[in-house]
2 protein chains.
Amino acid sequence: MTLATHAQRPLRKDAEQHRQQLLTAAVLVFNEQGLDASVTEIARVAGVGVGTLYRRFPTKEALVDALVREILDTTIQMARDALKSPGGTGLERFLEASSAYQAEHAGYLRRLWNTDHEMVKTARQLIARLLVDAKKHDLIRHDLTNTDLSLAMFSLLGVLEATLPVAPDAWRRHLDLLIAGMRPAASDLPHRALSPATLDKVLATHKASLVSE
Amino acid sequence: MTLATHAQRPLRKDAEQHRQQLLTAAVLVFNEQGLDASVTEIARVAGVGVGTLYRRFPTKEALVDALVREILDTTIQMARDALKSPGGTGLERFLEASSAYQAEHAGYLRRLWNTDHEMVKTARQLIARLLVDAKKHDLIRHDLTNTDLSLAMFSLLGVLEATLPVAPDAWRRHLDLLIAGMRPAASDLPHRALSPATLDKVLATHKASLVSE
DNA sequence: GTCTAAGCGGAGTGTTCACTCCGTATCGTA
DNA sequence: TACGATACGGAGTGAACACTCCGCTTAGAC
């Protein structure tokens, strides 16, 4: 939860506390109002001035980035934990746990998979291992790919964004459906999966469009 | 494609033409830049002044509404056509056809299911009939509900929004997965489906949040 | 051809943001 | 306790946007 990332010299005690208050407030406000929430509002909720916010985070973008790192951090940890699950059940565990966690941060989830950071690569590699493991135990159909799982994430995001305020658990039912579709079956899925290279391009482009607007 | 909706007295010939140009331009621009695209840009692409745009559509919201009606109109027609399909295959046909069509209007799809208009009710009733028919022929699992289909729509929207510019067909693969999950299976989906009433509330709230921001 | 209701363009208006600047306050060391 | 480095607040700035207003233009009825 603390997510250090201290650069060089540690912050003064009060400054560090304000930094934490800002991060907490940002989570709260973004979840309530979405990414369009104003920085002024975040500062207000945190109980500090906008000046303080901007001394700690040079742009609004940087603030969101810090939150995203925090999510990625937790997600990676969840994937690592899931790898210890017996009998190839790790993937399903991970999908459920990470969705539940992400449901609490849906306000800025779109930024999650669109960062260049090493962390995204790490997360995707871990998930790939979960998929291999699940296939090995015949819990998941063999024609399912890593890119399919990425699409499934976007799909859950779409459901989350639509339902969260009113039906905070609706994503569970949808995940049920997705997992049912992932089970081994007599015939392969009709269309070809996205290539990893294409998916990378998707993520890169998506990021660009989020920034430009 | 023409979507009359003339109020009382017909528009002057040039005015009607400008109206069409504006609608066409709006589709183009919203698809390229999303709903945040500026009204000025739409007018520019249409080759008219902003004044003209505002004489035809009193607010930006009204312009989007006109586009949404156009999509709903087509979607309803597709559902009607699908009902004529033999052997309970109508639902799958409809899901594919309407997704393909909606992929060309992804820029403002979020507004689709959030209008109060009679058309949404009509569309949902038709889709419900498609579902009943598919179940009758044992093509779709019996514990699947209408609200599940709505969630599936949001899910596809999430995929579309993320992939469209780079991989315009990615949604097909995801739809494959969804449909695979909808097939009859030995056990029911673990979690309970959303009630229709809750879904209605979801849509209403979603709309409100779109307007306020 | 004339006349007028209908339509037009785009500068202007008010508002909302992200972000900056600087006079003041506080931390923490000696 | 004193003092410099660090941090603070929030008014101010410029840009972007939705929407309005009004002097000019044009369609189309006679």
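Reminder, nothing fancy here: chain letters follow the sequence lines and each chain counts from 1. Quick caveat, the model's predicted, so the values are computed rather than measured.
- For C/dC27, the OP1/OP2 oxygens have no side-chain nitrogen or oxygen of A/Lys13 closer than 4.0 Å.
- Here the P atom of nucleotide C/dT16 and the CD1 atom of A/Ile42 are 18 Å apart, to the nearest Å.
- The residue B/Arg44 sits apart from the nucleic acid: no heavy atom pair falls under 4.0 Å.
- Proximity of A/Arg55 to the phosphate of C/dC19: no side-chain N or O atom is located under 4.0 Å from OP1 or OP2.
- Each of D/dA7, D/dA11, D/dT20 was ranked by its minimum atom distance to the side chain of B/Val50; first place goes to D/dT20.
- The neighbour count for B/Arg93 CZ, taken as heavy atoms of other residues, nucleotides or ligands under 6.0 Å away, does not exceed 12.
- Side-chain contact annotation: B/Thr75 with B/Tyr101, donor-acceptor N/O pair under 3.5 Å absent.
- One N or O donor and one acceptor, one from the side chain of B/Arg12 and one from the base of C/dA6, sit under 3.5 Å apart.
- Closest heavy-atom contact between A/Val159 and A/Trp171: CG1-CA, 4.1 Å.
- Residue B/Arg129 places its CZ atom among 12 or fewer non-hydrogen atoms of other residues, nucleotides or ligands, all under 6.0 Å distant.
- Between the CD atom of B/Gln17 and the C1' atom of D/dT26 there is a distance of 14 Å, rounded to whole Å.
- The interatomic distance linking B/Tyr54 (OH) with C/dC8 (P) rounds to 16 Å, in whole Å.
- Spacing between atom NZ of B/Lys60 and atom P of D/dT20 amounts to 15 Å, rounded to whole angstrom units.
- The B/Asp14 side chain lies nearest to C/dG7 when the options are D/dG10, C/dC27, C/dG7.
- In this structure, the side chain of A/Asn146 does not engage the main chain of A/Arg124 through any donor-acceptor pair within 3.5 Å.
- Comparing D/dA18, C/dC19, D/dC8 by their nearest atom to the side chain of A/Arg56 picks out D/dC8.
- Atom CG of B/Leu53 is separated from atom P of C/dG7 by 15 Å (rounded to the nearest Å).
- As rounded to whole Å, 13 Å separates atom C1' of D/dC17 from atom CD of B/Gln33.
- One finds a side-chain N or O of A/Thr52 lying less than 4.0 angstrom from the OP1 or OP2 phosphate oxygen of D/dG9.
- For B/His18 and C/dC8, the shortest distance from a side-chain N or O to OP1 or OP2 is below 4.0 Å.
- Checking D/dC19, C/dC8, C/dG28 against every side-chain atom of B/Ala15, the shortest atom distance belongs to C/dC8.
- The separation between B/Glu41 atom CD and D/dA18 atom C1' is 15 Å, rounded to whole Å.
- To the nearest angstrom, P of D/dT6 lies 16 Å from CD of A/Glu16.
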